[in-house]
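Just so it is clear: chains get the letters A, B, ... in the order the sequence lines come, proteins before strands, and each one is counted from 1.
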Protein chains: 2
Amino acid sequence: MSSNTLGVRQAQKLKTRQALLDAGLRLLEEQSLSSLGLREVTRVVGVAPAAFYRHFRDMADLGVALVEESLGSLHVVVRAVLAEQSEAEEVIDGSVDAVAEHVALHPAHVRFIARERHGGVRAVREAIGAELDRFGDEVAEALAAQELSAGWSAGDVRMLAGLYVDHLVMTASAFIEAADAGERRRIADTARRQLRLISLGRRHWQDG
Amino acid sequence: MSSNTLGVRQAQKLKTRQALLDAGLRLLEEQSLSSLGLREVTRVVGVAPAAFYRHFRDMADLGVALVEESLGSLHVVVRAVLAEQSEAEEVIDGSVDAVAEHVALHPAHVRFIARERHGGVRAVREAIGAELDRFGDEVAEALAAQELSAGWSAGDVRMLAGLYVDHLVMTASAFIEAADAGERRRIADTARRQLRLISLGRRHWQDG
DNA sequence: CCGTCCGGCAAACAGTTGTTTACTGACTCC
DNA sequence: GGAGTCAGTAAACAACTGTTTGCCGGACGG
């Protein structure tokens, strides 16, 4: 047996835990974490209320777990975009498309992050903030490695990375609230032009 | 008697209404609108639960009223910043200072907007979105009047305005969550550099 | 001055909430 | 195979929720 084979019991436990997370995420599409009830979640899963405590201390705890799940999947996207080595214009198009695709694939995750980033539960807010900071560091590292960043101070690179991350989150949020495909195209178009303008500012940062 | 003198009764009613709004805003500093209870609000005000219905249909209704109150005060700030006619560097410093000051003066309002912009109550979300769009239009109009925007398409001006408004909101949100004065200075510094980079991109938009 | 209006009240309603308790029964491990 | 672990249960708890009802008493308008 391989070392990561789980016993029947522990596997069942993880399954229930995941069911709780899924139910929570689903219910959070139309409300905020601070109003999500423990019984509400267990009812959807089809489990007794008291069973909740076998997996999470309270709803804030479940929220923090959802942050890891939600932003974990985004990490993959960011790394893919950053790895790309091509012309600026293509990188921009690639980024926007990647974000659009990610939102289409995991709308509930993205909505959760947007909603709880400034939401009413401190622990979750801080978890999201910390994770986005890590994204910023990651992006900064990738930017620093590019020839365009020659002569830039570390602080300046970091602020540019922050601008990119913030813009990514704003774009994703906009996609989430988009009603039809036309609106999505308009958002993508605006995002591309904004990125182009930022990348233009980047190119002339050293001048004066 | 001037035409805007209110009868004793209507004056009292407005006073209670404002007390409900104030209590709601205060309670919303540590939770989201979708979890704020009607009884909770009336209890703080010191009024019977049923009295709530004399002023608002439900909590979402109160939320929408709070949006108007919160963003109304911001309108003044934006207009002041836009009216300024001086060098780019000074405009940037002025904007960031104005935002910092506004956040210091009305932290609860700003926190409310940041929290409910993507929050769990549709009507409030949409009210904030619509108002921010109006801000964007306003900024775009001001930008279009500047010589730097000569040759720009209306769409491009509007996307730049959107970038400014988004950045303003993000900066305000960051200020809100800042713990000490040092962190606030760091945020202001980053915001200034980001605005400088954007304004740099703006200056070279026409080139290539 | 008197009838009407109307903001606020007290009470009752049926549901809901989070948390604790003692329990069962299937899996685990020696 | 037998003892122990532990995820999930059912039931009870007090506390709370939004909403409706009928009523009061002071301001209003003629």
Distance in angstrom units between A/Tyr53 OH and D/dA10 C1', rounded: 15 Å

Selection from C/dC9, D/dG18, D/dT9 that lies nearest to any side-chain heavy atom of B/Ala51: C/dC9

For atom CZ of A/Arg57 and atom C1' of C/dT19, their distance in whole Å: 15 Å

Distance in angstrom units between B/Gln18 CD and C/dG7 P, rounded: 17 Å

d(CZ, A/Arg54; P, D/dA10) in whole Å: 14 Å

Interatomic distance, B/Arg17 CZ vs C/dG7 P [rounded to whole Å]: 13 Å

Toward the 5' end of DNA chain C, by each residue's nearest nucleotide, A/Ala50 or A/Glu40: A/Glu40

Interface residues of residues 29-37 of chain B with DNA chain C (non-hydrogen, below 4.0 angstrom): none

Touch class at under 4.0 angstrom, heavy-atom based, for A/Arg43 against every strand present: sugar-phosphate

Presence of B/Thr16 side-chain N/O under 4.0 Å of C/dG7 phosphate oxygens OP1/OP2: no

Euclidean distance, atom CZ of residue A/Arg39 to atom P of C/dT20 [Å, nearest integer]: 13 Å

Neighbour count above 12 (heavy atom, 6.0 Å) for A/Glu29 CD: yes

Sugar-phosphate, base or nothing in reach of A/Phe52, heavy atoms under 4.0 Å: nothing

Contact check, side chains of A/Leu21 and A/Phe56, non-hydrogen atoms, under 4.5 Å: yes

Contact check, side chains of A/Ile128 and A/His118, non-hydrogen atoms, under 4.5 Å: no

Close side-chain approach of B/Leu168 to B/Val139, heavy-atom, < 4.5 Å: no

Smallest separation among heavy atoms of A/Met159 and A/Trp205, with atom names: CE-CH2, 3.9 Å

B/Glu101, CD atom: more than 12 neighbouring heavy atoms under 6.0 Å: no

Identify all pairs in which a protein N or O lies below 3.5 Å from an N or O of nucleotides 27-30 of chain C, and state each distance.
{"residue": "C/dC27", "atom": "O3'", "partner": "A/Arg9", "partner atom": "N", "Å": "3.4"}
{"residue": "C/dC27", "atom": "O2", "partner": "A/Arg9", "partner atom": "NH1", "Å": "2.8"}
{"residue": "C/dT28", "atom": "OP1", "partner": "A/Val8", "partner atom": "N", "Å": "2.5"}
{"residue": "C/dT28", "atom": "OP1", "partner": "A/Arg9", "partner atom": "N", "Å": "3.0"}

Lys/Arg-Asp/Glu bridge criterion (N-O < 4.0 Å) met for A/Glu131, A/Arg134: yes

Heavy-atom neighbours of B/Glu30 CD exceed 12 at 6.0 Å: no

Whole-Å distance separating the CE atom of A/Met59 from the P atom of C/dT19: 11 Å

5'-most by nearest nucleotide on DNA chain D - B/Pro49 or A/Ala48: A/Ala48

Protein-nucleotide distance (A/Leu27, atom CG; C/dT17, atom P), rounded to Å: 11 Å

Residue pair B/Phe112 / B/Val124, side-chain heavy-atom distance below 4.5 Å: yes

